[in-house]
S.K.: 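Here it is, the structure in full.
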Amino acid sequence: MEPFVVTFARGFGTGGKEIASRLAKDLGIHCYENRILTLASQLSGLDEQLFQEVNEKIRGHGGFSSFLRGLPRATSYIARNEKFVSDDTLFDYQRQIIENLADTEPCVIVGKCADYVLRGRDRVVSVYIEAPRDFCVKRTIENMGVSEEVANATIAHTDKYRADYYAYYTNENTWTNPINYDMTLNSEKVGIEGCVEVIKHYLKLKGLI
């Protein structure tokens, strides 16, 4: 199969990661999210533990030794209010991995500004998944086992991180701007499986599958 890439950006709780995983499974290709951090670790020769659970929430104090931990699944998260601080070196390793994947295999890539990194390539389809807050809160409560208050705080804080991350590494582009993507889908209205089918149909129209 000739290489092509489907990139996903998604609001927290929208089911974007699930949609990406299901799409990859249906197409028989790999889905990369945090695996990119593992590959970046291998590329850099640095301890993989330093790359784990970062997921677009990175600090630059002291270089690679002071990454934020990933999103905690606990009520303590509501008290956290750190601002995004860049780490250009880590992003450059991730960029190299994303470009290499696009050159060598068909795949799905979740987050990591992959749509921007791969902009201008013919065989790339970029997707943004969004949904109403009530829908995202309900999914977050179910998936994380937290209260409504914590779910709301988690969504707000995580989406703020993602927006700041995207703006910094894409020269102030707006993360939610539909112009950045081939398509924007509302996962509540279309449904998780419906989103998968719509994307597959678009890939067929583009002649990628």
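Note that the numbering runs from 1 along the sequence shown for the chain.
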S.K.: Kindly give the heavy-atom pair with the smallest separation between V117 and R95, and that separation in Å.
M.R.: CG1-CG, 3.7 Å
S.K.: Is there any ring-ring contact (aromatic ring centres under 6.0 Å, His included) pair reaching into residues 121-144, and which pairs are they, with sequence neighbours excluded?
M.R.: Y128-W175, Y128-Y181
S.K.: Decide yes or no for R162 and D159: does some side-chain heavy atom of the first lie under 4.5 Å from some side-chain heavy atom of the second?
M.R.: yes
S.K.: Do R139 and I192 come within less than 4.5 Å of each other through their side chains, counting heavy atoms only?
M.R.: yes
S.K.: With a 3.5 Å distance limit and no angle check, can you tell me whether T174 reaches the backbone of T176 through a side-chain donor-acceptor pair?
M.R.: no
S.K.: What residues form a side-chain hydrogen bond (donor to acceptor under 3.5 Å, both in side chains) with T140, not counting sequence neighbours?
M.R.: none
S.K.: Should V5 and V108 count as side-chain neighbours, where that means a heavy-atom distance under 4.5 Å?
M.R.: no
S.K.: Ignoring hydrogens and geometry beyond distance, is a side-chain donor-acceptor pair present between D88 and Y168 at under 3.5 Å?
M.R.: yes
S.K.: C107 versus I109: any side-chain heavy-atom pair under 4.5 Å?
M.R.: yes
S.K.: Could you give the distance from OG1 (T14) to CD1 (I129), rounded to the nearest 0.5 Å?
M.R.: 6.5 Å
S.K.: Give a yes or no on this: more than 12 heavy atoms of other residues, nucleotides or ligands lie within 6.0 Å of atom CG of L205.
M.R.: yes
S.K.: Could you check whether any side-chain heavy atom of V124 comes within less than 4.5 Å of a side-chain heavy atom of F4, counting everything from C-beta outward?
M.R.: no
S.K.: Would N180 and R119 count as having a side-chain donor-acceptor pair, cut-off 3.5 Å?
M.R.: no
S.K.: Ion pair present between E130 and R10, side-chain N to carboxylate O less than 4.0 angstrom?
M.R.: no
S.K.: Determine whether the side chains of Y202 and E197 contain a donor N or O and an acceptor N or O closer than 3.5 Å.
M.R.: no
S.K.: Just by distance, do the side chain of T158 and the backbone of I155 share a donor-acceptor pair under 3.5 Å?
M.R.: no
S.K.: Look at the side-chain heavy atoms of Ile, Leu, Val, Met, Phe, Trp and Tyr, link any pair under 4.5 Å apart, and say whether Y166 and L118 land in one connected group.
M.R.: no
S.K.: Looking at D26 and R22, is there a salt bridge between them, counting it only when a charged N and a carboxylate O are closer than 4.0 Å?
M.R.: no
S.K.: May I ask you to say whether R121 pairs ionically with D103, meaning some side-chain N is under 4.0 Å from a carboxylate O?
M.R.: yes
S.K.: Which atom names give the shortest non-hydrogen contact between I141 and A151, and what distance separates them?
M.R.: CG1-CB, 3.8 Å
S.K.: Ignoring hydrogens and angles, state whether a donor on the side chain of D92 or Q96 is under 3.5 Å from an acceptor on the partner side chain.
M.R.: yes
S.K.: Take V127 and L23 through the side chain to side chain contact (heavy atoms under 4.5 Å, CB included) test and state the conclusion after the steps.
M.R.: CA-CA 12 Å; V127 179; L23 177 68; over 6 Å; no
S.K.: Are the side chains of Y116 and N171 in touch, meaning some heavy atoms are under 4.5 Å apart?
M.R.: yes
S.K.: For a quick test of reading the model, state the closest non-hydrogen atom pair linking V196 to I19 and the distance between them.
M.R.: CG2-O, 3.7 Å
S.K.: Can you give me the closest heavy-atom contact between P106 and I29, atom names plus distance?
M.R.: O-CB, 3.5 Å
S.K.: Just by modelled atom types, is the A9 backbone N or O under 3.5 Å from a matching donor or acceptor in the D115 side chain?
M.R.: no
S.K.: Would you kindly confirm whether V110 and L27 end up in one hydrophobic cluster when ILVMFWY residues are joined by side chain heavy atoms under 4.5 Å apart?
M.R.: yes
S.K.: As a quick check of understanding, evaluate side chain to side chain contact (heavy atoms under 4.5 Å, CB included) for L203 and V6, giving each step before the final call.
M.R.: CA-CA 9 Å; L203 292 173; V6 184; 3.8 Å; yes
S.K.: Using only atom types and a distance under 3.5 Å, with no angle test, would you say the side chain of S147 pairs donor to acceptor with the backbone of V150?
M.R.: yes
S.K.: SG of C31 to NZ of K25: how many Å apart, nearest 0.5 Å?
M.R.: 12.5 Å
S.K.: Is the side chain of D182 donor-acceptor paired with the backbone N or O of S126 at a distance under 3.5 Å, no angle test?
M.R.: yes
S.K.: Considering only heavy atoms from C-beta outward, does the side chain of F12 approach that of H157 to under 4.5 Å?
M.R.: no
S.K.: Should the pair F91 and Y169 be assigned to parallel (<30°), tilted (30 to 60°) or perpendicular (>60°) ring geometry?
M.R.: parallel
S.K.: Partners of K17 by side-chain hydrogen bond (donor to acceptor under 3.5 Å, both in side chains), sequence neighbours excluded?
M.R.: E33
S.K.: Which pair of heavy atoms, one from A131 and one from E188, lies closest together, and at what distance?
M.R.: CB-N, 4.2 Å
S.K.: How far apart are the closest heavy atoms of N186 and C195, and which atoms are they?
M.R.: O-SG, 4.5 Å
